[in-house]
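First up is the structure itself, then whatever we jot down about it.
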Number of protein chains: 2
Amino acid sequence: MSTEYPTPATAELQLVDVLRALADPVRLDVVRLLGDGMAHCKGREDWNFGVQKSTMSHHLRILREAGVTDVTIDGRDHWIRLRREDLEARFPGLITGVLSDRAEG
Amino acid sequence: MSTEYPTPATAELQLVDVLRALADPVRLDVVRLLGDGMAHCKGREDWNFGVQKSTMSHHLRILREAGVTDVTIDGRDHWIRLRREDLEARFPGLITGVLSDRAEG
DNA sequence: AGGATGGTTCGATGAACGTCATACTCCGAA
DNA sequence: TTCGGAGTATGACGTTCATCGAACCATCCT
């Protein structure tokens, strides 16, 4: 069995909410991790961003409620995915621009 | 005579700062106004966004310091311009995605 | 059943933010 | 040189936000 979290429909995505969700270092790191298009399971090695789990939970909620991510619950595991196609359909270029920032310090 | 405000170089643009600058309704409206590529003079009719002038000054400072806009001072007039090419060079697609949101409520 | 594990929720706290009114600076015109 | 207008800087105020620890919930394994 697997459930899903409620998340706004593509047409309901609000630009301000999306931008606010992206405008944080931790959340930006999460988005970059999800940039490969795969669903990533929380609680794995690659999820260590230097914050407590309650804080991470908070960040993931913001991303989800803004419609940036998708969450599928499978038992104790939460699989997070970037809603790249939806974002691209709604705000063409935006996510590409965000992810293009990989190579700098 | 005309001076300019200091503004970060293209290579120094920080994604988080740019996103934070864009993640506000008033500033988003400003960016949309500047979306035509022209330099707009503050204090004209089209600059009425329902906030006091000190608040608007604050918002314009944030946009400028993040590198989203350019300001040229000519006497008492301040001409604001969107740094579209620079942003496009640094984060390809981002600004296009933001400006593509024109047509919705 | 019981314990360990993966996530969430709930205060609390300190920092950052948006807003405004006021005071100030600078320029141009009378 | 004096006055008014355009814009900035400062300080205050209330709100939102990121962060954490602790309590809680659900699931898997023994």
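Protein chains get the first letters and strands the later ones, always in sequence-line order, with residue 1 at the start of each.
Among the heavy atoms of the strands lying under 4.0 Å from A/R27 are primed sugar atoms or P, OP1, OP2 only; no base atom is included. B/H58 comes within 4.0 angstrom of a base, heavy atoms only. The residue A/I62 sits close only to the backbone: its heavy atoms come under 4.0 Å of sugar-phosphate atoms, none of a base.
Residues satisfying the salt bridge (charged side-chain N to carboxylate O under 4.0 Å, His left out) test with B/D86, not counting sequence neighbours, are B/R83. Residues meeting the side chain to side chain donor-acceptor pair (under 3.5 Å) test with A/D17, sequence neighbours left out: none. Legend: residues meeting side-chain contact (heavy atoms from CB on, under 4.5 Å) with A/E85, ordered by chain and number and at least two apart, are A/R81. Every residue two or more places apart in sequence or in another chain that forms a side-chain contact (heavy atoms from CB on, under 4.5 Å) with B/S54 is listed here: B/Q52.
Toward the 5' end of DNA chain D, the nearer of the two residues A/V26 and B/V71, judged by each one's closest nucleotide, is B/V71. Take the nearest nucleotide of DNA chain D for A/R76 and for A/V51: the residue whose nucleotide is more 5' is A/V51.
Residues A/E65 and A/R61 are paired through a salt bridge, judged by an N-O separation under 4.0 Å between the basic side chain and the carboxylate.
Donor-acceptor pairing under 3.5 Å is lacking for the side chains of B/D74 and B/H78.
A 4.0 Å heavy-atom criterion places the boundary nucleotides of DNA chain D facing chain A at D/dC17 to D/dC28, written 5' to 3'. The footprint of chain A on DNA chain C, defined by a heavy-atom cutoff below 4.0 Å, extends from C/dA4 to C/dT9.
Contact annotation: the side chain of B/H59 never approaches that of B/F49 to less than 4.5 Å [non-hydrogen atoms, C-beta and beyond].
With rounding to the nearest 0.5 angstrom, the CZ atom of A/R27 is 10.0 Å from the CG atom of A/L60.
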